[in-house]
2 protein chains.
Amino acid sequence: MLDRDRNGEADVGITSRDVARLAGVSQPTVSRALRGDPRVSEDTVRRVRMAAEALNYVPSEAGRSLSTQISHRIGVLVTDLTNPFYPHLVGPLHDELERLGYRMMLFTERSEATAAAERLVDRSIDGLVLATSTLDSGLPAELSRRQLPFVYLNREGTVPADAIVVDNRRGGELVAEELVKAGHTRIGAIFGPDNTSTGRDREIGFRQGLADAGIALRPAHVRHGPFEFETGAQALAELLDTDPVPTAVFCGNDVVAIGVIDAARRLGVDIPEQLSVVGFDDIPMASWASFELSTVRHDLDEMARTAARLLVARVSGDDANLEPSGVDGNGAAGQRRVTLEPHFVARRTHCEPSQS
Amino acid sequence: MLDRDRNGEADVGITSRDVARLAGVSQPTVSRALRGDPRVSEDTVRRVRMAAEALNYVPSEAGRSLSTQISHRIGVLVTDLTNPFYPHLVGPLHDELERLGYRMMLFTERSEATAAAERLVDRSIDGLVLATSTLDSGLPAELSRRQLPFVYLNREGTVPADAIVVDNRRGGELVAEELVKAGHTRIGAIFGPDNTSTGRDREIGFRQGLADAGIALRPAHVRHGPFEFETGAQALAELLDTDPVPTAVFCGNDVVAIGVIDAARRLGVDIPEQLSVVGFDDIPMASWASFELSTVRHDLDEMARTAARLLVARVSGDDANLEPSGVDGNGAAGQRRVTLEPHFVARRTHCEPSQS
DNA sequence: CCGATTGCTTCATACGTATGCACACTAGTT
DNA sequence: AACTAGTGTGCATACGTATGAAGCAATCGG
């Protein structure tokens with residue numbers, strides 16, 4: 001069917017055997033020579049290298065994987081790439097993984113049913129980064145049972161595993177403190193989903209912060225929803241429909257907050273004069289002049305890169321080079337838990353409440 | 001070192017041989033039974049299925065790949081994920097690939113040197129989607145030489161291959177027509193890089209459109225730069241420094257345009273009153289109330305999905321189910337080229353020039 | 001009652017690389 | 001000259017699945 005012999009050089013489907021033949025050595029010697037085995041003589045290495053180059057030899061990843069039981073691939077699981085938040089995790093993750101000699105397989109969890117889980121445990125990846133795990137997900141347990149190493153990134157789950165997260169509770173507190181300090185008393189919130197650790201902890205921290213100041217969070221001023229643009233856009237309309245209206249609103253993350261700001265523009269609500277808005281994460285977009293969002297900053301890039309390093313250390317077995325990092329190691333089953341410190345960033349979407 | 005026997009069920013590292021043993025058949029029979037080979041008796045299939053389930057057997061992808069020479073993985077190459085444009089390609093790509101039974105490996109081309117190319121041709125992927133190919137890249141030629149199937153998405157290259165693109169020339173013309181129609185005569189442009197087909201063709205079309213209307217594009221009003229937010233932000237400042245100042249500016253894509261709008265906010269420039277801004281692509285962000293960007297729409301989602309389908313058809317050999325699509329097939333070497341129609345979308349960032 | 005046909009299964013092997021072990025060969029020691 | 005130590009290479013095989021070909025049993029036709 002195919003006439004491959006047309007092109008001058010047929011360097012497709014070249015195996016280590018072909019290289020061996022050309023170099024006048026055995027196949028195992030080719031393998032050793034190219035992998036830098038010190039037992040191979042310099043002279044042989046040279047011959048093999050030349051032969052490999054001449055044939056444009058590239059070792060087959062499949063063969064290598066099968067033999068070594070290592071794929072050098074790491075899976076990354078997110079819910080929805082088009083959410084502006086995730087690229088800021090996936091981008092650095094990719095770069096760090098590449099730096100460590102691993103490739104990235106990207107998965108989005110439409111149907112995290114067992115069907116999808118199968119694709120993860122067929123040994124085609126060495127480990128998995130869970131970037132959007134929900135607390136009620138059965139996946140971590142399944143992964144654990146299958147002994148597929150994984151790490152929680154950003155959100156954590158109930159099954160013990162390495163994790164890298166922000167101190168979300170503290171972050172929520174920070175926002176509460178700032179809003180209180182500015183003089184707000186009628187405060188609203190658009191929290192993230194209850195089944196995410198980020199949503200839950202930020203809510204706990206925020207409520208705690210308000211409670212410490214003796215300020216009540218009226219149920220009518222509270223919304224919950226996914227960490228999406230639309231959540232903020234829709235929730236704002238609802239919050240404006242309450243009486244009295246809140247003078248400030250804390251949003252589960254920046255994407256939600258930007259949804260709020262955008263809706264405010266459409267509805268003619270002045271921010272921050274009529275409503276203070278605070279987000280969480282400090283994604284790059286938050287600092288755009290169009291938003292100037294006051295938010296809680298943490299090092300997203302570092303968080304993602306650390307996740308990559310934790311996982312790779314785990315799957316490659318050399319945990320050693322991670323010990324000295326300043327993490328609050330949890331001795332129990334050897335899981336590592338890295339917590340990033342959040343900082344409040346004051347921009348232009350919050351101020352004192354107007355005296356209405 | 002590891003004490004794996006602790007957990008009750010040791011369903012890790014289960015192979016088809018284990019299943020075979022439990023089911024009382026041979027390993028090949030297991031393979032055939034689970035793959036639905038009609039030659040296996042119903043009774044055997046049932047026994048094998050039960051055994052597989054009991055052991056929680058999942059076929060090894062590495063073994064399968066090695067044997068079939070098919071990895072069921074497709075690579076996707078982009079420059080920078082954090083650019084808000086790419087997720088809108090990568091997301092749909094992932095979904096469509098998954099639908100077709102393929103997994104996605106994501107690559108970003110930092111150093112597209114031959115070193116990086118090696119990772120692509122080690123037969124660990126069946127094909128590659130080039131989402132950000134530059135016209136001067138040597139990669140397509142290398143892929144072609146290696147006989148790794150690939151498809152151009154959004155941007156096309158010089159090496160013949162399947163491609164799916166927008167009619168960028170026409171899109172550029174559309175914008176020129178609209179701006180002319182609105183009465184603009186002092187028009188500026190922030191074009192994309194010359195070494196991208198999108199940058200080049202949009203520029204050609206736009207220039208043509210202006211020329212047809214007898215309007216000159218002054219060199220001082222022209223900028224070139226990568227399709228990034230910062231490009232727009234920086235170029236705006238420069239354009240405002242010219243005399244006379246343009247009353248309208250066409251941007252290479254939406255991300256650049258949003259950079260312009262954002263900078264305008266910072267600089268206190270009213271859009272569209274002082275400056276009309278038009279983008280290209282109509283990414284979701286363009287329709288946010290914060291921007292309401294007038295732009296050129298095309299079906300990004302469909303473009304990505306079509307790329308996936310074209311490539312999968314190519315690598316799986318069943319090109320048949322693609323023939324009937326309304327594409328302008330290029331007979332030469334059997335490459336398919338799908339062109340999407342662009343449409344102008346009038347929002348709120350353009351209007352008539354102010355009489356100053 | 002034997003040869004032919006069909007239906008199901010096993011055998012043998014391929015896929016490409018990596019690695020423990022044995023072997024050959026050289027050099028140095030006694 | 002034999003013996004040891006050291007060095008470099010090849011042999012055999014493992015990794016897990018898929019598949020053409022051969023084998024086996026049962027059924028059928030004559």
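Here is the naming used below: chain letters follow the sequence lines, and residue numbers restart at 1 for every chain.
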To the nearest 10 degrees, what angle separates the axes at the start and end of the helix from C/dC1-D/dG30 to C/dT30-D/dA1, five pairs each? 70°

Test of understanding: with side-chain contact (heavy atoms from CB on, under 4.5 Å), list the residues that count as partners of B/His88, not counting sequence neighbours. A/Thr82, B/Ile283, B/Pro284, B/Leu300

Residues B/Ser124 and B/Asp122: side-chain donor-acceptor under 3.5 angstrom: yes

Once base and sugar-phosphate atoms are separated, protein heavy atoms under 4.0 Å mark nucleotides 7-14 of chain D, 5' to 3', with B, S and - as -SBBBB--

For A/Arg49, give me all partners under side-chain hydrogen bond (donor to acceptor under 3.5 Å, both in side chains), at least two apart in sequence or on another chain. none

Rounded distance (Å) that lies between atom C1' of C/dT17 and atom CG of B/Asp122: 13 Å

Determine the contact category for A/Ser31: base if any of its heavy atoms lies under 4.0 Å from a base atom, sugar-phosphate if only primed atoms, P, OP1 or OP2 are that close, otherwise nothing. base

Taking side-chain contact (heavy atoms from CB on, under 4.5 Å) as the definition, give me every residue that meets it alongside A/Thr306, ordered by chain and number, with sequence neighbours left out. A/Ile164, A/Glu302, A/Arg309, A/Leu310, A/Val338

Residue list, side-chain contact (heavy atoms from CB on, under 4.5 Å) with A/Leu66, at least two apart or on another chain: B/Ala62, B/Leu66

Whole Å only: how far is the CD1 atom of B/Ile14 from the P atom of D/dC15? 14 Å

Distance check: side-chain N/O of A/Arg64 vs OP1/OP2 of C/dG16, anything under 4.0 Å? no

NZ/NE/NH1/NH2 to OD/OE distance under 4.0 Å, A/Asp301 and A/Arg305: yes

Separation of B/Leu34 atom CG from D/dA18 atom C1', in whole Å? 12 Å

With sequence neighbours left out, the residues meeting side-chain hydrogen bond (donor to acceptor under 3.5 Å, both in side chains) with B/Asp136 are B/Thr134, B/Asn195

Taking only residues two or more places apart in sequence or in another chain, which ones pass side-chain hydrogen bond (donor to acceptor under 3.5 Å, both in side chains) with A/Ser197? none

What integer distance in Å separates B/Asp37:CG from C/dG7:C1'? 12 Å

Can you check whether B/Arg35 has a side-chain N or O nearer than 4.0 Å to OP1 or OP2 of D/dA18? yes

May I ask you to evaluate whether B/Gln69 reaches the phosphate of C/dG16, defined as a side-chain N or O under 4.0 Å from OP1 or OP2? yes

Between A/Ser16 and C/dT17, is there a side-chain N or O to OP1/OP2 distance below 4.0 Å? yes

What pairs with A/Ser60 under side-chain hydrogen bond (donor to acceptor under 3.5 Å, both in side chains), at least two apart in sequence or on another chain? none

